[in-house]
Each structure stands twice: as C-alpha cells, then as structure tokens.
Amino acid sequence: MRYQRPKGTADILPGDSETWQFVESTARHLFSNYRFAEIRTPMFENFEVFSRTSGDTSDIVTKEMYDFKDKGDRHLSLRPEGTAGVVRAFVENKLYGPETTKPYKVYYMGPMFRYERPQSGRQREFHQIGVEAFGSDAPELDVEVIALGMDLLTRLGLKHLRLALNSLGDQETRSAYRQALIDFLEPHFDELSEDSKVRLHKNPLRVLDSKDPHDQELVADAPSILDFLTPAATEHFNRVKASLDSLGIDYDVDATMVRGLDYYNHTIFEIMADSPALGEGYTTVLAGGRYNGLVEELGGPEMPGVGFGLGVERLVLLMQAEKVAIPDVHPLDVYVVGIGDETSVETLKVVQAVRHAGLTADRDYLARKPKAQFKTANRLDARYTLTIGSQELADQTAHLKSMATGQEVTVKLASIYDDFQQVVASEFKED
RNA sequence: GCGGUAUUGGUGAAGGGGUUAACACACCGGAUUGUGGUUCCGGCACGCGUGGGUUCGAUUCCCACAUACCGCCCCA
C-alpha cells in the first residue's frame, strides 16, 4: 500500500456516507423548522480570528491549531471550530445592521481541524454541525438553542441523553470566582496533580474538571461559581432553568462544568450520551453556550450570541452503537439483465428509459451470465428485473419479473419506452 | 506532546526462524442449452504495515519509522 491518508483523517465510504447524509438532511430540515438559515464560511481564516476568540492560552491555540504561512506570507489557520469564522462573517458583512431581523439565526456544517492525537471519535479532521443566534440576550433564546440540540439528537435516534447545564456568569462573576478559586486551591498547591498545578494560574477553572482522583477530592469542597453569580447573571440563569422546566426538558446543573474556549459566558451546556462506543460513561456529543462579547472582540458592535456545536464523528459512532436505522433513500427498482453482447445497446436504452420514468435502474457491464446477473439483482434487492436476450430483441419485447413473487410477464419494448411506470402498474396491480 | 497495545488476503482471522501461509465469510467461475436467496466442486495473499539489521535462512528475533486503538493532556 503505497499511500495512506494523513494521520487523523478518515475516508467516509458508501455504507457510512448514507448515515452522514441522513444526519445532515435531518439537521437541515430541523434547522429550517427552527428558522435557522445556512451560512458557509471559509475552512481557513486569518490566524488571529481564532487566537483572539479562543483565548491565547487555550490549548486549541497553543498546540492544536493547524496554522501555516501561505505564499503571500499570510498567517492562516485551518478552522478548529465553527463559531469564530461565523462571527467574523457576521461582523464583516455587517449582519448586525438594522436590516436583518434579530435574532439572526444561522447554522453551518463542515470539517474542522485540530492537531491532536487521534482516538475513537477524535480526529485531526473532524466535522461539526453548529448553530449560532445573534442579537438577543433573552434566556429563552438560550433555551431555544438547547431545545434544538436535544430535538436534533432525539430525532437522530439517540437515547440516554443527559443535559448538563451551568452558568459562567458575566465578566464580574468570572473574575471574582477565579480569585476565590485560586485562594481556595493555593493552600493545597502541593497536593494538586502536576497538570493542575500548571492549570491553577493559567486557567483555574480547568482544575474543576481534572480527572485526577485526588484533585477531585480537593475540588469537591471548592466554592461554586453559582454562588458568585451577579444578580443579573443569577436572574438570567434562573430564567433559563424555568424555561427548560416549562418545556419539560430535564437537566442537571453541574457547577464544575467548564469550557475549553475562553469566549463563553452565562449559560453553558453539554448534551452527553452514555455509550461504550466512546469509552466509559457519558461523553459529550453536543456543546454550546452564550458568548456575549465575542462579536465586539472581532470588531463588531456589542451584540450577544448563543450557539452550539455538535461532533458528527461522535454522533455517528453513537448512532451505530445504538443501531439507529438509516432510511434507504435509493433502493433499486429495476435491474436490467442483458443476454449476449448484441443486446447491450438495447439494455442501455431500456435502463435509461426506466430512469427517465423516475425509477432507479442498473444493469450489468461485465458481460456476465444470466444466472450471475440475477444473483446480483437479488443481492441488490431489486424489485424487478427486465430481461432482454436475442429472441426478445427480435420480438422487440422484454421479460418483466417481480423478484419478490417470481411472477414474470412479457412486455413490449415500445411500451417501456412510452411509459414504464404504466407498464408496472398494469402488470403488477397488487404491488 | 507523554505512556501502552497492535499491524497477516476484500473481510474475520490461525500460525510461527527453514520446502506449497490453516480455516471461515465475501467475491468470481462451474454443476449440458438464457433466470435469483439452498447444495456440491473449483479459483482467489505483488507473500504476512514500511525500511534497515541479526541469521546459512525471517512473515516469525532486534531497531527505527508509519498508522490504528487505549490512557493522559484536551476536547466535538
């Protein structure tokens, strides 16, 4: 094997691509139902678009970015996530202007790139589907986004979903809490794991979700960010919870939940699924939150935003683990069997006639024996076969056979060319 | 970026320093003339990830590299 795909990439082949198409079309329909319109932004942006928005110290920026200099010496980066590019487009195209209705609701789907060690459900090129809604601070909009995420995963057949919810509050909340957390952890500095010692000053909130057992013991007694929420932030969070309650959406408040990207504030949430496909316990498949301030950060006016991103690879793994049935969108209606080289042109014409009549059709191109062709028709689960041999060619007829019943009739080629659907309807009424 | 496990045909895999690399599935062909899910027969590995090395001889031992998977980091 001479060439192999780059590390952390995948070929999505027929057999799997149907699942992807099902996911994408389901998402498109649902988004449209929620009145989100598609936005398509470049797969690479100026490096600063991501470094400014994700946080200069975030791992994404410091070690996971696929950044490069192009021939014009521009510092670019393959997008590691979807939100930054959408916000950039939102600002650049002045979509914050009065002529667009607010909230301005968009969705995207496509590949993202992160330079990291591949594992199941984690690749260097991976795919996300996401939504963003700009221009409203309403907690009910947060809930609409959450409800959309839950709806989508439910429609895709996932079970055992858990919605985790938290609030990071506003800037005032965060700085107060950050200090409180440092003050709390500092006396225990020597007990912290090596990773957490580094995290403590770089991003103390990260210590909260350390996987180190001893860290978790220490953190258990740490102050909760929810106790530091400003009155306004508390009010926002309470209304989010109340709205979720009124929609009958269950959630668990997880005060230790944090975010890898720095731009989040107020409501953050994750939808997790419990499946061995992605390792032990619950794994996050969809995550999002509010990012008030991000539009400003990229040069726009003060304009709030909220959204989510969903990892398609993880989703597909979960769907496969849960054996979600994918509708077969292109079954085979007719397989045309040609016997003898002299029938090849006629079978081609017949195949085309069937296709133009609006049915799916296929034929043999390897000059195989009738037996082999019928075997193939059977394997492809064809509803009908149309057989043409030298005798039929002379008579200008074909044998139309129902593969389910074995019933076979002789029909005129002319009638096939005229209206094949009519031929089927009159010959096999009970179908 | 760190640690571990693995790498044999289209697939699942057995094997193990020495003439022809099991078995199964799939696929292809055949079982007298042009018709499908059963049965029977036959075919099917540029030779065991890549490159070096040890050896009289390696797919089997050693080293490096690549990739996949698992854990950490982080995250969708």
Side-chain angles (χ1 to χ4, degrees), chain A residues 1-10 13 15 54 57-65 79-83 109-130 149 153 193-196 198-199 202-203 206 209-212 257-261 270-273 276 278-280 283-288 307-318 335-340 343 364 366 368-393 399-408:
Chain A
M1 219 150 312
R2 193 68 218 166
Y3 295 106
Q4 45 186 225
R5 60 184 180 268
K7 185 188 186 86
T9 63
L13 308 176
S54 300
T57 61
S58 71
D59 277 3
I60 283 188
V61 171
T62 57
K63 65 176 202 184
E64 293 176 1
M65 278 255 252
R79 61 184 187 191
E81 53 95 27
T83 301
M109 47 184 70
M112 307 291 161
F113 305 85
R114 249 119 104 160
Y115 191 87
E116 60 180 349
R117 198 68 175 267
Q119 272 176 49
S120 176
R122 306 176 51 170
Q123 297 170 188
R124 292 185 169 182
E125 180 186 27
F126 62 106
H127 297 75
Q128 282 191 347
I129 296 176
L153 297 183
S193 66
E194 291 307 309
D195 285 328
S196 289
V198 176
R199 283 189 280 236
K202 201 172 105 183
N203 189 347
R206 291 238 72 95
D209 67 349
S210 169
K211 281 172 188 159
D212 183 87
M257 183 167 72
V258 299
R259 237 341 60 106
L261 302 167
E270 297 187 4
I271 303 178
M272 304 189 271
L278 292 171
E280 292 299 307
T283 310
T284 301
V285 58
L286 184 153
F308 71 66
L310 129 75
V312 182
E313 279 78 4
R314 290 186 176 183
L315 171 66
V316 167
L317 281 174
L318 288 168
Y335 191 86
V336 180
V337 175
I339 302 164
T343 64
D364 173 75
L366 300 175
R368 298 193 301 152
K369 296 270 174 65
K371 182 188 178 78
Q373 295 191 43
F374 274 93
K375 238 176 157 164
T376 298
N378 189 56
R379 194 170 67 233
L380 298 179
D381 204 25
R383 287 190 65 193
Y384 302 102
T385 51
L386 267 171
T387 308
I388 300 173
S390 52
Q391 188 57 52
E392 289 80 3
L393 200 54
H399 290 309
L400 174 63
K401 178 175 183 175
S402 163
M403 292 299 278
T405 65
Q407 186 186 355
E408 190 168 22

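Computed from a predicted structure; not experimentally measured. Each chain gets a letter, A, B and so on, in the order its sequence line appears, and its residues count up from 1.
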With a 4.5 Å heavy-atom cut-off, do Ile339(A) and Thr387(A) have their side chains touching?
yes
Side chain proximity check, Tyr115(A) to Arg124(A), heavy atoms < 4.5 angstrom
yes
Should the side chain of [X] and the base of [N] be counted as holding a donor-acceptor pair, with the cut-off at 3.5 Å?
X: Glu408(A); N: U35(B); result: yes
X: Arg368(A); N: G29(B); result: no
X: Arg122(A); N: A76(B); result: no
X: Glu392(A); N: G34(B); result: yes
X: Lys401(A); N: U35(B); result: yes

Using heavy-atom distances to pick each residue's nearest nucleotide on RNA chain B, tell me which of Gln123(A) and Pro370(A) is more 5'.
Pro370(A)
Residue met sooner reading RNA chain B from 5', once Ala372(A) and Ile388(A) are mapped to nucleotides:
Ala372(A)
Can you tell which of [options] lies closest to the side chain of [X]?
X: Phe374(A); options: A76(B), G36(B), C27(B); answer: G36(B)
X: Lys7(A); options: U67(B), G34(B), G71(B); answer: U67(B)
X: Met403(A); options: G36(B), U67(B), A76(B); answer: G36(B)
X: Lys369(A); options: A76(B), C2(B), G30(B); answer: G30(B)

Sugar-phosphate only, base, or nothing, as touched by [X] at under 4.0 Å among non-hydrogen atoms:
X: Gly406(A); result: base
X: Glu270(A); result: nothing
X: Gly8(A); result: sugar-phosphate

Would one find a side-chain N or O of [X] under 4.0 angstrom from OP1 or OP2 of [N]?
X: Lys371(A); N: U35(B); value: no
X: Arg117(A); N: G3(B); value: no
X: Gln119(A); N: A68(B); value: no

